[in-house]
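Each chain gets a letter, A, B and so on, in the order the sequences are listed, and its residues count up from 1. Heavy-atom basis, side chains included; hydrogens, waters and symmetry copies ignored.
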Number of protein chains: 2
Amino acid sequence: MRDQQISELTTNRLSLYLRFLTELDGKGVESVSSKVLAEQFGLNAALIRKDLAHFGGFGVRGLGYVVKDLRQQLHSILGLDQKLQVAIMGAGNLGLALADYQGFGQEGFRIVALFDTEAKKVGMRSRKGVLIRHSRKLKTVVRREKIAIAVIAVPAQEAQQVVNTVVEVGIKAVLNFSPGTIRVPDGVKLKNVDLTVSLESLSFHLADRQGGGVKWGI
Amino acid sequence: MRDQQISELTTNRLSLYLRFLTELDGKGVESVSSKVLAEQFGLNAALIRKDLAHFGGFGVRGLGYVVKDLRQQLHSILGLDQKLQVAIMGAGNLGLALADYQGFGQEGFRIVALFDTEAKKVGMRSRKGVLIRHSRKLKTVVRREKIAIAVIAVPAQEAQQVVNTVVEVGIKAVLNFSPGTIRVPDGVKLKNVDLTVSLESLSFHLADRQGGGVKWGI
DNA sequence: TTTTGTGAAACGCTTCACAGCT
DNA sequence: AGCTGTGAAGCGTTTCACAAAA
């Protein structure tokens with residue numbers, strides 16, 4: 001398998017499946033069918049089978065999927081076997097909140113450092129103890145701590161510059177929270193979380209009253 | 001126009017166009033072509049024309065779009081003419097950070113209140129002064145302040161319950177930051193921002209090295 | 001000439017439907 | 001019988017290509 005490219009829509013769903021499988025495993029459930037998964041997420045069962053079949057048939061016909069095995073497989077497929085180190089750029093409100101956010105540490109990520117250029121913040125820590133370092137130290141820390149992902153939580157006007165810097169020191173994956181268009185070179189994966197876009201999308205639907213059927217996003 | 005349903009992909013892009021138009025207007029630029037917009041966002045020019053044509057042809061052939069007019073139109077289409085009131089459920093790290101987040105207040109939203117069930121938090125304020133109220137007061141405050149959007153920033157295990165409550169008091173738009181599957185009735189618009197899914201998507205691409213071309217998401 | 005607005009074609013994702021395995 | 005894996009159909013989105021307008 002793995003003949004086609006895996007779309008982002010698929011990887012997002014894999015992530016959801018993994019979370020649910022972990023929950024099922026915790027409850028001692030041993031197997032699960034695509035039908036049950038489909039009901040859980042409001043998706044079509046065939047879609048779930050296709051998502052999983054991309055990586056080789058680990059289903060059992062007549063039975064479904066073995067929860068423990070599938071969980072392990074997805075964990076590995078999503079690259080969560082080696083705990084990835086994450087740096088957060090910008091120790092403002094949002095950066096500090098993200099540094100302490102429970103969900104981040106959960107599955108396979110570790111927040112190694114916050115970076116900021118403001119001298120008076122440097123040396124301080126988030127509530128949960130993540131150290132704020134000066135952005136000058138980025139290169140050294142990224143190399144020493146093997147940081148793989150940068151989260152951008154700086155004001156919009158600084159964002160492109162900060163992204164350029166993290167790309168220069170060799171980071172290949174960027175999660176951007178700042179609004180506006182960011183450019184990265186080929187080979188670097190950028191994911192945008194744009195809070196304004198999200199809110200304005202809700203605003204549109206409130207203004208528009210287009211029927212209002214519900215979709216089970218992301 | 002407006003014969004078809006407008007997809008979420010389209011509304012997300014409208015939001016991006018609006019932000020850029022505001023920037024252009026600030027710089028005194030008077031008109032802009034779909035080609036320039038396309039380059040800015042890494043999109044196809046025809047797509048941008050289609051997006052805008054849904055709402056009636058406000059382009060000028062041979063010239064492009066008049067920045068001020070188009071900005072005004074998009075602002076109105078996105079429902080930003082009346083400032084929408086927003087409540088944040090959960091005054092933890094994330095809730096407090098979101099309450100103070102600059103980008104939120106910017107375009108047409110006002111954070112009216114934070115809600116929490118923890119007695120010792122009630123009565124306190126975020127750094128920028130948003131009051132924390134007890135969740136019991138939700139119904140009263142939503143009605144008095146005409147709150148239209150709820151942002152969910154509570155732990156995963158409470159999220160569905162909290163969403164049920166905000167839906168009961170009449171809120172029709174929910175921005176959910178908590179991980180896991182949330183269900184809302186028809187007529188309520190739900191948008192999920194799932195930080196774990198975002199990070200795991202990056203992790204997948206780091207593990208997979210599938211070429212790595214860049215897409216200009218959201 | 002430049003650039004919009006838009007049918008038609010191309011593409012990608014999802015759903016259907018069923019053969020095949022347990 | 002139950003459920004997966006998958007080719008084919010269906011559907012939605014994007015791109016192409018060009019007529020029409022300024």
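For the atom pair Thr181(A) OG1 and Gln40(B) CD, the distance stands at 4.5 Å (nearest 0.5 Å).
In this structure a side-chain-to-backbone donor-acceptor pair under 3.5 Å is present from Ser198(A) to Asp194(A). Asp116(B) places a side-chain N or O within donor-acceptor distance of the main-chain N or O of Ala91(B), the cut-off being under 3.5 Å.
When rounded to the nearest whole Å, the span between CD1 of Ile48(A) and P of dC3(D) equals 14 Å. Atoms CG (Leu63(A)) and C1' (dG5(D)) sit 15 Å apart, rounded to a whole Å. In this structure, the CZ atom of Arg13(A) is 16 Å from the P atom of dG12(C), given to the nearest Å. In this structure, CG of Leu43(A) is placed 12 Å from C1' of dC13(C), rounded to the nearest angstrom. Atom P of nucleotide dT4(D) and atom NE2 of His54(A) are separated by 16 Å, given to the nearest angstrom. In this structure, Gln73(B) atom CD and dT4(C) atom P are separated by 16 Å, rounded to whole Å. Atom-to-atom, CZ of Phe55(A) to P of dT4(D) comes out at 17 Å; the value is rounded to the nearest Å. When the C1' atom of dC13(C) is taken as reference, atom CG of Asn12(A) falls 14 Å away, rounded to whole Å.
Interface residues of residues 22-39 of chain B facing DNA chain C, ordered by number: Ser33(B), Ser34(B); criterion, heavy-atom separation under 4.0 Å.
For Lys35(A), the salt bridge (charged side-chain N to carboxylate O under 4.0 Å, His left out) partners two or more places apart in sequence, or in a different chain, are Glu39(A). Listed by chain and residue number, Leu138(B), Ile147(B), Val169(B), Ile171(B) satisfy the side-chain contact (heavy atoms from CB on, under 4.5 Å) test with Val142(B) (two or more places apart in sequence, or in another chain). In this structure, Glu30(A) has no side-chain contact (heavy atoms from CB on, under 4.5 Å) partners at least two apart in sequence or on a different chain. Legend: residues meeting side-chain contact (heavy atoms from CB on, under 4.5 Å) with Ser34(B), ordered by chain and number and at least two apart, are Ala45(B), Ile48(B), Arg49(B), Tyr65(B).
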Tyr101(A)/Asn93(B) under side chain to side chain donor-acceptor pair (under 3.5 Å): CA gap, chis, key distance, verdict | CA-CA 7 Å; Tyr101(A) 179 61; Asn93(B) 275 319; over 6 Å; no

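Note on Leu9(B): only backbone sugar-phosphate atoms sit closer than 4.0 angstrom, heavy atoms only; bases stay farther off.
Glu200(B) and Thr11(A) are not linked by any side-chain donor-acceptor pair at a separation below 3.5 angstrom, with hydrogens and angles left out of the test.
In this model, the phosphate group of dT2(C) is not approached by any side-chain N or O of Tyr65(B) to a distance below 4.0 Å at OP1 or OP2.
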B/S/- along nucleotides 16-22 of chain C (protein heavy atoms under 4.0 Å) is BB-BBBS

